[in-house]
Amino acid sequence: MKFERPRGTRDFLPDEMMSRKSVESRITGVFDSFGYQQVLTPVFEHTELFHAKSGQEISQHMYVFDDKGGRSLCLRPEATASIARMLASGLKTMPKPVKVYYSCPMYRYEEPQKGRYREFWQAGVELVGMDSHESDAEVVLIASECLRTLGVEHKLRVSDLRVLKHVLAASGLKESEQDSVIHLLDKGDIEGVKAKVRDESFFKIIGLKGGLDAVEAVEKIVGEKIKTITSGFKGILALLDSVGVAYTVDFSMARGLDYYTGMVFDVKVDGLGAQDQVCGGGRYDRLIGLFGGPDTPAVGFAFGFDRVLESMHLQGIDLGRSSVDVYVIAVDDNVGDKAFEISSMLRRSLGGRVVVHGLARKKLSKALEVASNMSASYAVIVGSKELEDGSVILKDMSSGSQEKLAIADIASRIK
Ligand code: HAM
C-alpha cells in the first residue's frame with residue numbers, strides 16, 4: 001500500500017526541521033524578551049467560535065467535522081478567537097495586561113499554492129486588557145524586532161480601521177455593511193466597493209499613503225470629528241518613529257478578519273509572489289466581551305511562520321545548522337561497548353552538549369569524514385591499544401591536532 005500526504009500538508013525532514021526550530025526559537029526568544037508568556041489552546045474547537053466574528057474569509061475555509069456526539073467541531077484556523085475564548089472566563093482575576101504568545105499549526109481549507117498551505121504554522125502574540133497607543137506600538141515593535149533579529153527585509157504597513165469605518169458610518173452604512181466593504185477592499189475588489197460606497201472622500205482616503213502627512217490629509221478631508229481617532233493613531237506612529245520602526249501608513253489596507261476595531265498592520269516581503277504577507281495583526285476590542293467575558297481591549301498579530309522561512313531562503317539568510325560537539329568513534333567492534341559507555345559519560349558530564357556515538361563501524365578515515373560532515377567540534381577515538389591504560393585520542397576537528405588523554409580528563413579538555 002502506498003499513501004500520499006493530504007494536499008496542502010508537508011513532511012519536514014531533519015535538516016528542514018533544524019532550520020524551523022532555530023528560527024522559531026529566535027522568534028519566541030523575542031516574544032520572551034518583551035515579557036510575553038507562551039500558551040497553548042486545543043487543535044480543535046467548537047465551529048461556532050470562528051463563525052462568531054472571525055469573518056467569512058475564515059469561516060468558508062475551515063476543516064469542519066461532527067464528532068461522535070454530533071457536535072460540530074473544526075480544526076483551528078487561527079488562534080486569536082481561541083485565546084479570547086480562553087481568557088474570557090479567567091480574565092477577571094488576572095492582573096492586566098495579559099501578555100501571551102503561541103507558536104503552533106493552523107488549518108485552513110484553501111487552495112494550496114506557493115506559500116499557502118492547508119496546514120501552516122503561526123507564531124503570534126496577544127496583549128490583552130490594555131487600550132493605549134503604547135500597547136499598539138509595542139505589538140508592532142515586537143513584529144518588527146523579530147524580523148530585524150532574523151535579518152528579513154520587509155515592508156510594514158499600518159492603518160486604523162476606525163478611519164474607514166467612521167467615513168462609512170457617516171455615509172449611512174450599518175456595521176455589517178461596513179464589514180462587507182472592508183472585505184471587498186481586502187480582496188482588492190474596488191468595483192465591488194464602488195457599488196456600495198458613494199462617498200468620494202472614502203476613495204480619496206484609501207488612495208493616501210505615506211507617513212504623518214497621510215494622517216493629516218485624512219484630517220483635512222474628514223474634518224475635526226476624525227481627530228479623536230487620528231490623534232491616538234498619530235501617537236502610535238510617533239512611538240514607532242522613536243524606536244526606529246519603518247512603516248508606511250496605508251488607509252487602503254483592510255484585514256480579512258471581522259474582529260478588528262482599530263489599528264491594523266501587515267508585513268509583506270518582496271519576491272514571495274501572491275502570498276507575500278508574512279504577518280498580520282491589529283486591535284480587537286470587542287471579541288472577549290462577545291465571548292462572554294468582561295469587555296476587554298486587546299491587540300495582537302501572527303506571523304505566517306512558513307512564509308517567514310521562505311523569505312529567509314529567498315533572501316539568502318542562514319537558517320542555522322545542526323551542531324555536534326563530540327563524535328565518538330569506536331575503531332572496531334571490540335571497543336564498541338566501551339565507546340558507548342564513554343559517549344554516555346560525556347553526555348552527562350557535558351550537560352546539554354551534543355555527543356553522538358558512532359553506531360556504524362567504519363575505517364577510521366571514513367569515520368572522521370562522518371564527524372567532519374556533521375561539523376563536529378571534536379572526535380573521540382576509542383581504540384584497544386589506548387584503552388589498555390584507560391586512554392583515548394581526542395581530536396580537535398577544526399585544528400586537526402590530537403592528543404592521548406585519560407578517559408576521565410576528556411570532558412575537562414572540551415571547550
Ligand atoms: P491572518 O492574517 O489571517 O491573521 O494570518 C496571519 C498570517 O498567517 C498571514 O499574514 C500569513 O502570513 C499566514 N497565513 C494565513 N493563511 C495561511 C496559509 N494558508 N498558509 C500559510 N500561511 C498562512 C490571523 O490569523 C490573526 N489571528 C492574527 C492576529 C493575532 N490578529 C490579532 N492577533
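Keep in mind that the numbers below use all heavy atoms, side chains included, and drop hydrogens, waters and symmetry copies.
- When all heavy atoms are compared, the tightest approach of Gly35 to Lys99 is O-CB, 4.2 Å.
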Let me have the donor-acceptor pairs involving side chains of residues 379-390, under 3.5 Å, with sequence neighbours excluded, atom names and distances please.
| residue | atom | partner | partner atom | Å |
| --- | --- | --- | --- | --- |
| Asp389 | OD1 | Ser391 | OG | 3.3 |
| Asp389 | OD2 | Lys404 | NZ | 3.0 |

Please report the C-alpha distance between Tyr102 and Trp121 in whole Å, then the side-chain angles of each, then the deciding distance to 0.1 Å, and finally whether the ring pair (Phe, Tyr, Trp, His ring centres under 6.0 Å) criterion is met. CA-CA 10 Å; Tyr102 51 90; Trp121 270 253; over 10 Å; no
Between Phe301 and Phe303, does the ring pair (Phe, Tyr, Trp, His ring centres under 6.0 Å) criterion hold? Intermediate values first, please. CA-CA 7 Å; Phe301 73 81; Phe303 279 116; 5.2 Å; yes
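- The environment of CG in Asp15 is sparse: at most 12 heavy-atom neighbours from other residues, nucleotides or ligands sit within 6.0 Å.
- Ion pair Arg71/Asp67 flagged as a salt bridge, since at least one NZ, NE, NH1 or NH2 atom sits closer than 4.0 Å to an Asp/Glu carboxylate oxygen.
- In summary, the side chains of Tyr284 and Glu126 do present a donor paired with an acceptor at a separation below 3.5 Å, with no hydrogens or angles considered.
- At a threshold of 4.5 Å between non-hydrogen side-chain atoms, the residues Arg108 and Phe120 count as touching.
- Counted by atom type alone, Asn373 and Ser375 present zero donor-acceptor pairs between their side chains at under 3.5 Å.
- The CD atom of Gln38 sits 8.0 Å away from atom CG of Asp32, with the distance rounded to the nearest 0.5 Å.
- Side chain to side chain, Tyr36 and Glu138 meet the donor-acceptor criterion of an N or O pair below 3.5 Å.
- Under the 4.5 Å side-chain criterion, counting only non-hydrogen atoms from C-beta, Ser72 is not in contact with Phe65.
- Side-chain contact between Val355 and Tyr327: absent, with no pair of heavy atoms (C-beta onward) separated by less than 4.5 Å.
- In this structure the side chain of Ile407 reaches within 4.5 angstrom of the side chain of Lys338, judged on heavy atoms.
- The pair Asp136-Arg283 meets the salt-bridge criterion, with a side-chain N (NZ, NE, NH1 or NH2) lying under 4.0 Å from an Asp/Glu carboxylate O.
- Using modelled atom types and a 3.5 Å distance limit, the side chains of Glu134 and Ser132 yield no donor-acceptor pair.
- For the atom pair NE2 (His133) and CG (Asp160), the distance works out to 13.5 Å, reported to the nearest 0.5 Å.
- A donor and an acceptor atom, one from each side chain of Tyr259 and Asp285, are nowhere located under 3.5 Å apart.
- Neither side chain, Arg307 nor Gln277, offers a donor N or O lying under 3.5 Å from an acceptor on the other.
- One side chain, Ser252 or Asp250, offers a donor N or O that lies under 3.5 Å from an acceptor on the other.
- Geometrically, Arg118 does not engage Tyr63 in a cation-pi contact, judged by NZ or CZ lying under 6.0 Å from the ring centre and within 45° of the ring axis.
- Atom-to-atom distance recorded for Glu175:CD and Glu177:CD is 11.0 Å, nearest 0.5 angstrom.
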Tell me, with the steps shown, if Tyr101 and Phe31 meet ring pair (Phe, Tyr, Trp, His ring centres under 6.0 Å). CA-CA 7 Å; Tyr101 73 80; Phe31 296 169; 5.2 Å; yes
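- Checking Thr230 against Glu219 by side-chain atom types alone, a donor-acceptor pair falls below 3.5 Å.
- Counting heavy atoms of neighbouring residues, nucleotides and ligands inside a 6.0 Å radius, atom NZ of Lys268 exceeds 12 of them.
- Asp258 places a side-chain heavy atom less than 4.5 Å from the side chain of His183.
- Of the candidates Glu110, Glu310, Gln113, Gln113 is the only one forming a side-chain contact (heavy atoms from CB on, under 4.5 Å) with Gln275.
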Are Arg10 and Glu16 close enough, and set up right, to give a salt bridge (charged side-chain N to carboxylate O under 4.0 Å, His left out), and what steps lead you there? CA-CA 11 Å; Arg10 289 154 297 161; Glu16 197 168 356; 5.7 Å; no
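- Around atom CZ of Arg7, more than 12 heavy atoms belonging to other residues, nucleotides or ligands sit under 6.0 Å away.
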In sequence, state the C-alpha distance, the side-chain angles, and the governing distance for Tyr109 and His61, and then conclude on ring pair (Phe, Tyr, Trp, His ring centres under 6.0 Å). CA-CA 5 Å; Tyr109 194 83; His61 296 114; 8.3 Å; no
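- Residue Lys155 places its NZ atom among 12 or fewer non-hydrogen atoms of other residues, nucleotides or ligands, all under 6.0 Å distant.
- Around the CG atom of Asp337, the shell of radius 6.0 Å holds no more than 12 heavy atoms that belong to other residues, nucleotides or ligands.
- The distance from atom CZ of Arg162 to atom OG1 of Thr228, rounded to the nearest 0.5 Å, is 7.5 Å.
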